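Here's the structure, in structure tokens; my notes come after.
Letters go in sequence order (proteins before strands), and every chain restarts at 1. Since this is a predicted model, take the numbers as computed values, not measurements.
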Amino acid sequence: MARYTRITGMNDVLFEEQRYWRYVLERIQHVTDLYGYRRIDVPVMEVTALFVRGVGEGTDIVEKEMYSFEDRDGTMVSLRPEFTAGIMRAYIENGLHVLPTPLKVWTTGPLFRHEKPQAGRYRQHSQFDVEVIGEQDAAVDVEVISVAWHLFRDLGFRDLRLEINSTGCPQCKPGYVRRLVDFFTPLADQLPEVDRMRLCKNPLRLLDSKEEATQPLLERAPHIIEHLCAECAEHFAQLRRYLDVLERPYRINYRIVRGLDYYTKTVFEIKAAGLGAQDTICGGGRYDGLIAELGGSPTPGIGFGSGIERIVLAMRQLNLPVPEEVTPQVMVCYLGETAKLTAVRLVEQLRDAGIRSVLAFGDRSLKAQLKHADRIGAAYAVILGEEEIQAGGATVRAMAQGSQAVVALNQLDSWLRMALASEASPAMA
RNA sequence: GUGACCAUAGCUCAAUUGGCAGAGCAUCUGGUUGUGGCCCAGAAGGUUGCGGGUUCGAGUCCCGCUGGUCACCCCA
């Protein structure tokens with residue numbers, strides 16, 4: 001019989017890697033508490049129309065990457081390819097505008113995009129997502145960036161690159177796109193195939209082209225920063241002022257073009273070393289038109305997504321320390337059926353006393369049981385045999401030292417708690 | 001969707017010109033009547049990704065497919 005395998009681009013997260021996930025999640029909770037963000041969870045599925053409207057009809061995500069299907073009642077539904085649209089739907093549907101403004105939320109969970117997998121890119125991947133709804137102040141933009149920055153610093157990242165840009169607004173963006181087209185159209189015959197495609201389909205994409213031949217032309221191409229309307233220019237200036245106050249290093253990257261239609265004004269990316277071609281571990285921006293687009297009253301917003309697989313990948317690449325996996329403190333071993341009865345009861349009592357304990361199963365030899373205790377990293381083995389049972393005690397073996405003591409059963413939990421407390425706190429490695 | 005490279009035990013990898021599919025690690029058992037790590041012995045573990053072809057004979061050569069990796073596209 002053929003074996004079942006993972007679906008392309010969807011991965012198992014095994015135990016060694018769970019250490020990283022657990023740590024990243026823990027630091028996320030810490031930093032969101034620190035900055036005053038509340039958790040929100042939204043469904044992994046929404047009606048397809050929400051994403052078409054929210055993400056943008058012409059985007060690759062909507063056009064060819066969504067997992068969409070007809071539900072049993074005939075409505076078209078999709079696995080979420082990003083968080084923002086669903087959160088904005090929840091904001092409007094639940095009337096969250098009555099909460100103190102701005103509303104600052106975060107979430108995490110799986111997203112689905114049918115892309116061809118490569119390093120740091122998977123069809124099911126997880127993001128840490130942050131959204132601030134209801135405030136257009138550029139100080140919010142800086143705070144949102146700081147949440148990500150703070151998290152990455154906490155996780156041990158150095159040498160991060162923060163890159164910012166502005167994509168303007170419906171007032172100034174179309175004018176800039178026209179300038180860009182006007183600039184490249186006479187040069188079209190110098191452009192490679194892909195970039196000629198971009199020129200007609202999505203001119204902004206020319207800006208982040210990797211084509212060799214296009215690079216010198218891009219040097220001379222107009223920058224959007226120089227063609228912003230007064231409001232967007234002022235917003236961008238404010239953003240820079242606040243970043244400067246924080247002494248946060250950043251680079252203006254005229255070529256950041258985010259792929260989703262809804263971005264306005266501020267867009268930014270944070271990049272990490274050690275990741276290969278997909279080195280962006282955080283990307284986001286402002287979306288002041290989105291809520292109105294989805295049927296709410298006009299409300300500004302800003303947010304980012306940060307790929308957890310990429311974070312973990314980079315951490316492993318950079319050898320950043322994470323807490324050791326939690327292992328059992330005690331393994332209860334037994335010899336014979338009578339002792340096993342005591343063991344079954346004892347292991348549960350130890351857990352009641354807050355001691356991480358496991359039971360040896362399967363009536364194996366003591367040798368096999370101790371070997372198991374060693375392999376799973378238990379600090380102590382409690383051995384119950386006929387002799388111990390008769391005396392009302394247990395042999396306790398300290399695995400690291402190989403030393404043993406006989407302890408009365410009714411004192412075992414306090415004895416073990418004392419012994420465990422005197423050990424060193426968990427190491428980072 | 002396009003391209004390059006790859007596919008042998010749970011994992012990492014051998015297998016000469018085309019000639020009996022192997023090792024290390026991991027798992028289980030034993031080396032003491034009840035004592036882990038090191039060592040020793042043994043067991044179990046495979047339709048060599050799948051399907052064709054060439055050949056007396058294919059893990060090895062040829063074709064197709066599937067899957068994986070990386071890159072493009074795009075994105076976190």
Side-chain angles (χ1 to χ4, degrees), chain A residues 1-11 14 16 55 58-65 81-84 108 110-130 148 192-195 197-198 201-202 205 208-211 256-260 268-272 275-285 303-314 331 333-336 339 360 362 364-389 394-404:
Chain A
M1 175 163 144
R3 294 219 277 177
Y4 295 106
T5 58
R6 289 170 308 190
I7 291 175
T8 297
M10 308 208 176
N11 299 304
L14 302 184
E16 161 67 12
V55 177
T59 59
D60 278 22
I61 289 179
V62 165
E63 224 164 58
K64 45 194 193 197
E65 294 176 1
E82 57 115 45
F83 277 118
T84 308
T108 186
L111 304 176
F112 302 86
R113 294 178 197 171
H114 193 103
E115 304 177 278
K116 190 133 181 185
Q118 77 188 61
R121 201 180 66 187
Y122 313 100
R123 290 187 179 176
Q124 177 181 337
H125 76 278
S126 295
Q127 286 185 21
F128 163 46
D129 183 89
V130 157
E193 177 78 39
V194 256
D195 282 334
M197 288 290 293
R198 288 183 171 116
K201 253 198 80 185
N202 192 350
R205 282 268 158 244
D208 61 351
S209 169
K210 289 174 184 171
E211 294 296 320
I256 293 183
V257 187
R258 316 246 64 245
L260 290 63
F268 68 94
E269 293 184 1
I270 297 175
K271 296 179 177 181
L275 273 181
Q278 314 296 330
D279 60 351
T280 301
I281 58 173
C282 179
F304 68 75
S306 183
I308 298 182
E309 284 83 358
R310 287 187 188 175
I311 294 173
V312 169
L313 208 60
M331 175 156 165
C333 309
Y334 54 85
L335 290 149
R364 287 188 226 286
S365 67
L366 182 61
K367 179 194 180 83
Q369 295 180 56
L370 286 171
K371 190 184 172 93
H372 191 84
D374 186 42
R375 291 302 311 274
I376 64 173
Y380 291 90
V382 169
I383 302 166
L384 295 168
E386 301 303 328
E387 299 161 21
E388 286 89 345
I389 296 294
T395 299
V396 181
R397 180 178 180 84
M399 297 301 288
Q401 292 75 233
S403 56
Q404 298 193 163

Legend entry - RNA chain B contacts among residues 58-65 of chain A, heavy-atom distance under 4.0 Å: A:D60, A:E65
Inset, instruction - Heavy atoms under 4.0 Å is the rule here; annotate nucleotides 4-12 of chain B 5' to 3' with B where the base is hit, S where only the sugar-phosphate is, and - elsewhere. - result: ---------
Inset, instruction - Go along nucleotides 30-40 of chain B 5' to 3' and tag each nucleotide: B for a protein heavy atom under 4.0 Å from its base, S when only backbone or sugar atoms are that close, - otherwise. - result: SB--BBBB---
Round to the nearest Å and state the distance from [X] atom [atom1] to [N] atom [atom2].
X: A:F304; N: B:A76; atom1: CZ; atom2: P; value: 12 Å
X: A:Q278; N: B:A71; atom1: CD; atom2: P; value: 7 Å
X: A:Q118; N: B:C70; atom1: CD; atom2: C1'; value: 7 Å
X: A:E115; N: B:C73; atom1: CD; atom2: C1'; value: 9 Å

Inset, instruction - Could you verify whether a donor N or O on one side chain and an acceptor N or O on the other, from A:T395 and A:Q404, lie under 3.5 Å apart? - result: no
Legend entry - For A:E16, salt bridge (charged side-chain N to carboxylate O under 4.0 Å, His left out) partners two or more places apart: A:R19
Legend entry - For A:R123, all residues meeting salt bridge (charged side-chain N to carboxylate O under 4.0 Å, His left out), sequence neighbours excluded: none
Inset, instruction - Indicate, yes or no, whether a donor-acceptor pair under 3.5 Å links the base of B:C73 to the side chain of A:R121. - result: yes
Inset, instruction - Please report the shortest heavy-atom distance between A:E309 and A:S126, naming the atom on each side. - result: OE1-N, 2.9 Å
Legend entry - A:Y122 (side chain) donor-acceptor with A:G120 (main chain) under 3.5 angstrom: yes
Inset, instruction - Would you check if the side chain of A:Q369 reaches a backbone N or O of A:R364 as a donor-acceptor pair within less than 3.5 Å? - result: yes
Legend entry - Selected nucleotide, minimal atom distance to A:R364 side chain, candidates B:A76, B:C72, B:U29: B:U29
Legend entry - Stems formed with participation of RNA chain B [Watson-Crick or G-U wobble, under 3.5 Å, three or more pairs]: B:1-7 with B:66-72, B:10-13 with B:22-25, B:27-31 with B:39-43, B:49-53 with B:61-65
Inset, instruction - Give a yes or no on whether a salt bridge exists between A:K371 and A:D374, defined as a side-chain N under 4.0 angstrom from a carboxylate O. - result: no
